[in-house]
Engineer: 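The structure follows.
Whatever order the structure lists ligands and atoms in, that order sets their numbers, starting from 1. Counting from 1, the numbers follow the sequence of the chain as shown.
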Amino acid sequence: MSERKPVYRRVLLKFSGEALMGAQGFGIDQDVVERLAHEVAEVRGLGVEVALVVGGGNIFRGLRASAAGMDRATADYMGMLATVINSLALQDALERRGAKTRVMSAITMQQVAEPYIRRRAIRHLEKGRIVIFAAGTGNPYFSTDTAAGLRAMEIGAEAILKGTKVDGVYDKDPVGHSDARRFDEVSYIEVLKRDLKVMDSTAISLCRDNRLPIIVYDFTRPGNTLRVVCGENIGTKVVGE
Ligand code: UDP
């Protein structure tokens, strides 16, 4: 492999919780966690400052539970706790690879994670630590995509790299539509207007208002996270109009 050069100084990686379950259908597939940790450590190895947000959908999804009758706020808090479990799994795998990490939680639980303090998070990044933001925004009615946007802005990340199971944003669902077209680039407003499945509208609006680029790419293919960090055009970039 030729020498890789990152095009970012500081990024926020967002992984969905669902990806962590692999083919299991629930919970954490350790092989997936190991591979992701390997890739994240590789990016850090290039000298890029890395923050991480992971979802919780592999363990608990608030919206689904509330649709089944559970109180929405309670269900959402359970979802946020699920992200803490995933964050600890990633932290463990990263540290076994020699990476230095900190988990910072939006819900205080000092026995397992540091409380989220913005200036401290930035300091960790400056020292080369991978910072994993757990428990979403700490508020019900939000998603971990919104947490990713919020934290990315707070720490001055140059982009959100959103790892998904598809290789970008399509004009219609590529599953079941053979004529679906993938965008190289698409505007936030287009995503909102056409209700393209990138992130929920709260997260997209937040990124739009603050001109934070989102890059959607297929992170199930080994090496892709590194490719995106090195500026390869393998996904879809969501940017201003
Ligand atoms: N959640 C929340 N507030 C936040 C972030 C997450 O209430 O700021 C809850 C919400 O119930 C959500 C769950 O945590 O369904 C798991 O996060 P998400 O569904 O975003 O994870 P992913 O889709 O990435 O697996």
Engineer: Given side chains that start at C-beta, do those of Leu206 and Asn210 come closer than 4.5 Å, heavy atoms only?
Structural biologist: yes
Engineer: Above 12 or not: heavy atoms from other molecules or residues under 6.0 Å from CZ of Arg64?
Structural biologist: no
Engineer: Is there a polar contact, in the sense of an N or O pair closer than 3.5 Å, between Tyr77 and ligand 1?
Structural biologist: no
Engineer: Suppose we measure from atom 5 (C) of ligand 1 to each protein heavy atom; which comes out shortest, and what is that distance?
Structural biologist: Ser143 C, 3.4 Å
Engineer: Quick one: does Phe15's side chain get under 4.5 Å of Val40's, heavy atoms only?
Structural biologist: yes
Engineer: For atom 20 (O) of ligand 1, what is the closest protein heavy atom, and at what distance to 0.1 Å?
Structural biologist: Thr144 OG1, 2.5 Å
Engineer: Just go through Ile59, Leu81, Asp76, Asn58 and tell me whose heavy atom is the nearest to atom 10 (C) of ligand 1.
Structural biologist: Asp76
Engineer: Is the NZ or CZ atom of Arg221 positioned over Phe219's six-membered ring, under 6.0 angstrom from the centre and within 45° of the axis?
Structural biologist: no
Engineer: Determine, considering heavy atoms only, which of Gly56, Ala75, Gly17, Ser16 sits nearest to atom 21 (O) of ligand 1.
Structural biologist: Gly56
Engineer: Please write down residue, atom name and distance for the protein heavy atom closest to atom 14 (O) of ligand 1.
Structural biologist: Gly79 C, 3.1 Å
Engineer: Mind checking whether Ala147 contacts ligand 1 via backbone (N, CA, C, O), side chain (CB onward), both or neither, at a 4.0 Å heavy-atom cut-off?
Structural biologist: neither
Engineer: Do Ser143 and Thr146 have a side chain donor and acceptor closer than 3.5 Å?
Structural biologist: yes
Engineer: Counting only heavy atoms closer than 4.0 Å, does ligand 1 sit against the backbone of Asn139, its side chain, both, or neither?
Structural biologist: backbone
Engineer: Around Lys100, counting heavy atoms of other residues, nucleotides and ligands shown, do more than 12 lie under 6.0 Å from its NZ?
Structural biologist: no
Engineer: Which atoms of ligand 1 have any heavy atom of Thr137 under 4.0 Å away?
Structural biologist: 4 (C), 8 (O)
Engineer: Measure the shortest side-chain to side-chain distance between Glu232 and Cys230 over non-hydrogen atoms and say whether it is less than 4.5 angstrom.
Structural biologist: no
Engineer: Looking only at heavy atoms, is any part of Lys14 under 4.0 Å from ligand 1, and if so is it the side chain, the backbone, or both, or is it neither?
Structural biologist: side chain
Engineer: Can an N or O of Gly57 be found at a distance shorter than 3.5 Å from an N or O of ligand 1?
Structural biologist: yes
Engineer: Check this for me - ligand 1, Phe142, N or O atoms closer than 3.5 angstrom, yes or no?
Structural biologist: yes
Engineer: Nearest to atom 12 (C) of ligand 1, what protein heavy atom do you find, and at what distance?
Structural biologist: Gly62 N, 4.0 Å
Engineer: Could you tell me whether ligand 1 has any atom less than 4.0 Å away from a heavy atom of Pro140?
Structural biologist: yes
Engineer: Applying a 4.0 Å heavy-atom criterion (strictly less than), which segment of Glu18 is in contact with ligand 1: side chain, backbone, both, or neither?
Structural biologist: backbone
Engineer: Regarding Tyr217 and Thr225, do their side chains bring together a donor and an acceptor under 3.5 Å, going by distance alone?
Structural biologist: yes
Engineer: Any side-chain heavy atom of Pro174 within less than 4.5 Å of one from Arg182?
Structural biologist: no
Engineer: If you count every heavy atom of other residues, nucleotides or ligands that lies below 6.0 Å from Gln110 atom CD, does the total exceed 12?
Structural biologist: no
Engineer: Which residue and non-hydrogen atom of the protein lie closest to atom 23 (O) of ligand 1, and at what distance in Å?
Structural biologist: Arg61 NH1, 2.9 Å
Engineer: Could you tell me if the side chain of Arg123 sits less than 4.5 Å from the side chain of Arg129, heavy atoms only?
Structural biologist: no
Engineer: Suppose I only count heavy atoms of Gly136 and a 4.0 Å limit; which atoms of ligand 1 are within that range?
Structural biologist: 4 (C), 5 (C), 8 (O)
